[in-house]
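Read through the structure below, which is laid out as structure tokens, and then see the notes.
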Number of protein chains: 2
Amino acid sequence: MGAGEEAMSATANPAKRADARRNEKALLDAAASVFVTDGVDAPVRRIAAEAGVGMGTIYRHFPTRADLVVAVYRHQVEACAEAGPALLATATSPFAAMGQWVSLFVDFLVTKHGLAAAMRDDPDGFAALHALFLDRLVPVLADILSAARDAAEVTADVTAYQLLRAIGDICAGAERVDPEYDARLTVRLLLEGCRR
Amino acid sequence: MGAGEEAMSATANPAKRADARRNEKALLDAAASVFVTDGVDAPVRRIAAEAGVGMGTIYRHFPTRADLVVAVYRHQVEACAEAGPALLATATSPFAAMGQWVSLFVDFLVTKHGLAAAMRDDPDGFAALHALFLDRLVPVLADILSAARDAAEVTADVTAYQLLRAIGDICAGAERVDPEYDARLTVRLLLEGCRR
DNA sequence: CGAATATACGGAGCAGTGTTCCGATTGGCA
DNA sequence: TGCCAATCGGAACACTGCTCCGTATATTCG
């Protein structure tokens, strides 16, 4: 998978020129800021303007929008992944750990306007982000799931990928606010369905 | 709710001029055809071209894309709604009826490229379609759900709307083909979670 | 310190959307 | 038949994502 190197090329690199590094930083800050207010689908021009750079600059540093998104959210995904083993060790049961970890994942998704939806709608463009999720999050959930299965708390024949993506889709649909609808309840019912 | 009248204005109306009625029919046929191949997000120009009319004509008959979509799919939604009571009467149990009806609904959604996703992504634009679902489908599922509850087959505290929307979101996410992911399995797990 | 060179920058420009607007056309009626 | 209002067609505008290349500048070397 080249996804790792791709995104890596957009991180701090001492071999670059000083202004290039400066602009990259400015773009990351601007993108993070704009993503919060306008969502990850914000116009490229707006991000460039916010960073005070031209169109060419943004595309040179981040050839695709996904590269920018990955760079902005990478450490948060990392934190979510690292929380998995810890929860498994401290929770009262593997199923409880699963519930807590999933809750963490849902938190991450719902606070990023349109992230889940964008990934769903443009899987090719966001292949790098998709790969990041697959590489870091699926194994974590797989471990928890397997522990829950060993404890006979989960019997449903479902894979970690299937579960993670289902949760992603549910959150993608819940990014629009609606007091009548509660994505967390849906996710809870889904987990309950796995328990059986 | 003005949604009903809105969409109604786009159905056959004998008071219109002959060419207007002819063009409306041509647009409906063209849209139905294009939706199948290009999805409900197909460019407006393409639909107009397929129908052999100009841009102005399509916007006069169907001010919003949702009006066109509603007109095209209205009878299919109707059929899905009417199947509810029948299933409830013939199925071995209310929960079984729920499973069968939901399967019908999933069938409807997954065969319309991007329908669920479009509704999810542009809830305001597709308000008329949303209203159609609320008016026709939610009550049907509510009846089945209440029957299942009476039979003590469902104990989860979930509304028909919540359930219907969750299924819609899951299908919206599954419209992209992926052999690893099975939306129907997710939906089955969700229903299982309601059973408890 | 002052060129020379590779690196990076900026934004005009292209292509593809949705949507509006108004002059041209045509159906239906007197 | 002739007229008028209803209807049509598509040019035009605003907004996207993305590319391309002349210009500017950081870095290096003499």
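In what follows, chains carry the letters A, B, and so on, assigned in the order in which the sequence lines appear, proteins first and then strands, with residues in each chain numbered from 1. All values below come from the heavy atoms of this structure, side chains included, with hydrogens, waters and symmetry mates left out.
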Between [X] and [Y], which heavy-atom pair has the shortest distance, and what is it?
X        : Y        : result
A:Arg149 : A:Val154 : CG-O, 3.1 Å
B:Phe35  : B:Ile47  : CE2-CD1, 3.9 Å
B:Glu180 : A:Tyr161 : CB-CE2, 3.4 Å
A:Pro94  : A:Ala151 : CG-CB, 4.0 Å
B:His61  : B:Ala20  : CE1-O, 3.3 Å
B:Asp41  : B:Ala118 : OD1-CB, 4.2 Å

For this session: Please work out which residues in residues 38-47 of chain A have a non-hydrogen atom less than 4.0 Å from an atom of DNA chain D and list them by number.
Result: A:Ala42, A:Pro43, A:Val44, A:Arg45
Grab the [atom1]-[atom2] distance between [X] and [N] for me, whole Å please.
X       : N      : atom1 : atom2 : result
B:Glu50 : D:dG9  : CD    : P     : 15 Å
B:Ile58 : D:dG9  : CD1   : P     : 11 Å
A:Phe62 : D:dC18 : CZ    : C1'   : 17 Å
B:Met55 : C:dC22 : CE    : P     : 17 Å

Seminar exercise, completed: Result for 5'-nearest mapping on DNA chain C, choosing between A:Ala20 and B:Tyr59, is A:Ala20
Exercise. Heavy-atom distance under 4.5 Å between the side chains of B:Leu163 and B:Leu190, does that happen here?
Worked result: yes
Exercise. With the sugar-phosphate defined as primed atoms, P, OP1 and OP2, and the base as all remaining atoms, what B/S/- string results for nucleotides 21-29 of chain D, 5' to 3', for protein heavy atoms under 4.0 Å?
Worked result: ----BSS--
Exercise. Within the structure, does a side-chain N or O atom of A:His61 lie under 4.0 Å from either OP1 or OP2 of C:dC9?
Worked result: yes
Problem set entry | Under 4.0 angstrom between B:Asn23 side-chain N/O and D:dC8 OP1 or OP2 | yes
Problem set entry | B:Thr64 side chain to B:Asp67 side chain, donor-acceptor N/O pair below 3.5 angstrom | yes
For this session: Describe, in one word, how the ring planes of A:Phe105 and A:Phe133 are oriented to each other, choosing from parallel (under 30°), tilted (30 to 60°) and perpendicular (over 60°).
Result: perpendicular
For this session: Counting heavy atoms from C-beta on, name the nucleotide in D:dC8, C:dG10, D:dG10 closest to the side chain of A:Thr57.
Result: C:dG10
